[in-house]
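Computation of the quantities below employed the complete heavy-atom set of this structure, encompassing side-chain atoms and omitting hydrogens, waters and symmetry-equivalent molecules.
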Amino acid sequence: MKKSACHIAALGLALLLCACAQKGLYQWNGYDKSLYDFYDKPESAEQFRLQLETHLNTLEQRKDKIPPGLYAELGTLYLQKGDRETALRWYDKERSAWPESKYLMDTMILAVGKQKQEDAK
C-alpha cells in the first residue's frame, strides 16, 4: 500500500509541474515547417511571405516578443521579390528588436542602399 501511495504522490507532483510549465519563450507558429516547405518548393515563396507577415503582425498586435531573425527573414523575402524599400523597413525592425543583429543588419542595409544607388545611375 505504501508503494502505491508513493506512485500517486509522484504522479501528482508530475501533474503539478506540468500545469506550472510556461509557454515557450517565442511563438514560432509553424515557422520551421513553413520554411522547410519553402525550401522544398521555392515557388511557394509568396505563400511563405504572407504567412510570415501575418504571423509577425499578429505577434506585434498582441505585444508578444518577436522571435530572432523573423523580421530579417521577411525582409529578405521582400528583397528577393525586388521590393527594396520594404526589405529595408523589415531589416531596420530586426536591428531594433535584436541589438545583437545590428552589425549584420547594418551590412544588409548598406548593401541594399548600394544596389539602389547603382540602379539609379
Side-chain angles (χ1 to χ4, degrees):
M1 188 66 172
K2 206 173 196 180
K3 203 172 195 181
S4 69
C6 286
H7 285 121
I8 291 172
L11 179 61
L13 181 61
L15 289 173
L16 179 64
L17 290 175
C18 288
C20 293
Q22 295 179 352
K23 68 178 185 175
L25 185 58
Y26 305 110
Q27 300 302 310
W28 293 93
N29 195 35
Y31 169 76
D32 53 345
K33 173 146 179 25
S34 297
L35 182 64
Y36 176 81
D37 291 343
F38 165 60
Y39 284 143
D40 190 41
K41 296 177 186 149
E43 64 273 8
S44 70
E46 186 64 14
Q47 178 185 352
F48 178 52
R49 185 191 62 76
L50 289 172
Q51 286 174 336
L52 187 53
E53 193 161 8
T54 301
H55 178 55
L56 286 171
N57 288 333
T58 301
L59 291 175
E60 286 176 340
Q61 287 172 357
R62 292 191 322 213
K63 299 191 183 333
D64 285 345
K65 184 102 171 129
I66 304 297
L70 291 192
Y71 284 138
E73 180 84 48
L74 186 56
T76 300
L77 290 168
Y78 272 105
L79 185 61
Q80 290 171 345
K81 205 175 130 169
D83 187 347
R84 291 184 181 129
E85 293 302 318
T86 305
L88 288 172
R89 283 198 309 272
W90 289 108
Y91 288 158
D92 189 52
K93 280 186 161 201
E94 180 74 23
R95 179 176 57 186
S96 297
W98 294 97
E100 56 269 52
S101 73
K102 180 185 180 336
Y103 296 110
L104 175 60
M105 291 298 98
D106 284 347
T107 302
M108 296 295 289
I109 290 168
L110 282 172
V112 172
K114 284 181 184 177
Q115 285 179 342
K116 283 174 52 177
Q117 287 176 350
E118 289 174 10
D119 288 350
K121 290 181 183 178

### Query
Does Tyr31 belong to the same Ile/Leu/Val/Met/Phe/Trp/Tyr cluster as Trp98, with side-chain heavy atoms less than 4.5 Å apart forming each link?
yes
### Task
Enter the distance from Tyr39:OH to Phe48:CZ here, rounded to the nearest 0.5 Å.
7.5 Å
### Query
If you round to the nearest 0.5 Å, how far is CG of Leu77 from CD of Gln51?
11.0 Å
### Task
Measure across Lys65 and Ala97 and return the closest heavy-atom pair with its distance rounded to 0.1 Å.
NZ-O, 4.3 Å
Distance-only donor-acceptor pairs under 3.5 Å for side chains of residues 111-121, two or more places apart:
unit_1 : atom_1 : unit_2 : atom_2 : d
Gln115 : OE1    : Arg84  : NE     : 3.3
Lys116 : NZ     : Glu85  : OE2    : 2.3
Asp119 : OD2    : Arg84  : NH1    : 2.3
Asp119 : OD2    : Arg84  : NH2    : 2.8

### Query
If we only count heavy atoms from C-beta on, is the Gln47 to Lys41 side-chain gap below 4.5 Å?
no
### Task
Sequence neighbours left out, what pairs pass salt bridge (Lys or Arg N to Asp or Glu O under 4.0 Å) with at least one residue falling in residues 103-113?
Arg95-Asp106, Lys102-Asp106
### Task
Return the minimal non-hydrogen interatomic distance between Pro67 and Gln27, and the atom names on each side.
CG-O, 3.7 Å
### Message
Testing the basics here: between Asp92 and Ile109, what is the closest heavy-atom pair and its distance to 0.1 Å?
### Response
N-CD1, 4.2 Å
### Query
If you take all heavy atoms of Leu52 and Glu73, which pair is closest and at what distance?
CD2-CG, 3.7 Å
### Query
For the residue pair Tyr26 and Trp28, does the interplanar ring angle fall in the parallel (under 30°), tilted (30 to 60°) or perpendicular (over 60°) class?
perpendicular
### Query
Measuring from Ser96:OG to Met105:CE, what's the distance to the nearest 0.5 Å?
11.5 Å
#### Entry: Lys/Arg-Asp/Glu bridge criterion (N-O < 4.0 Å) met for Lys33, Asp37
yes
### Query
Between Ala87 and Gly75, what is the shortest heavy-atom contact and its length?
CB-O, 3.2 Å
### Task
Could you grab the distance from atom CG of Leu35 to atom CG of Leu70, nearest 0.5 Å is fine?
9.5 Å
### Task
Determine, using the 4.5 Å side-chain heavy-atom cutoff (strictly less than), whether Trp90 and Leu88 are members of one ILVMFWY cluster.
no
### Message
If I take atom CG from residue Leu25 and atom CG from residue Asp64, how far apart are they, to the nearest 0.5 angstrom?
### Response
10.5 Å
## Note on the structure
From the list Thr86, Leu104, Leu79, Thr107, side-chain contact (heavy atoms from CB on, under 4.5 Å) with Tyr91 holds only for Leu79
## Note on the structure
Closest non-hydrogen contact found for Ser101 with Glu94 is OG-O, 3.3 Å
### Message
Within this structure, what is the CZ-OG1 distance for the pair Arg49 and Thr76, rounded to the nearest 0.5 Å?
### Response
13.0 Å
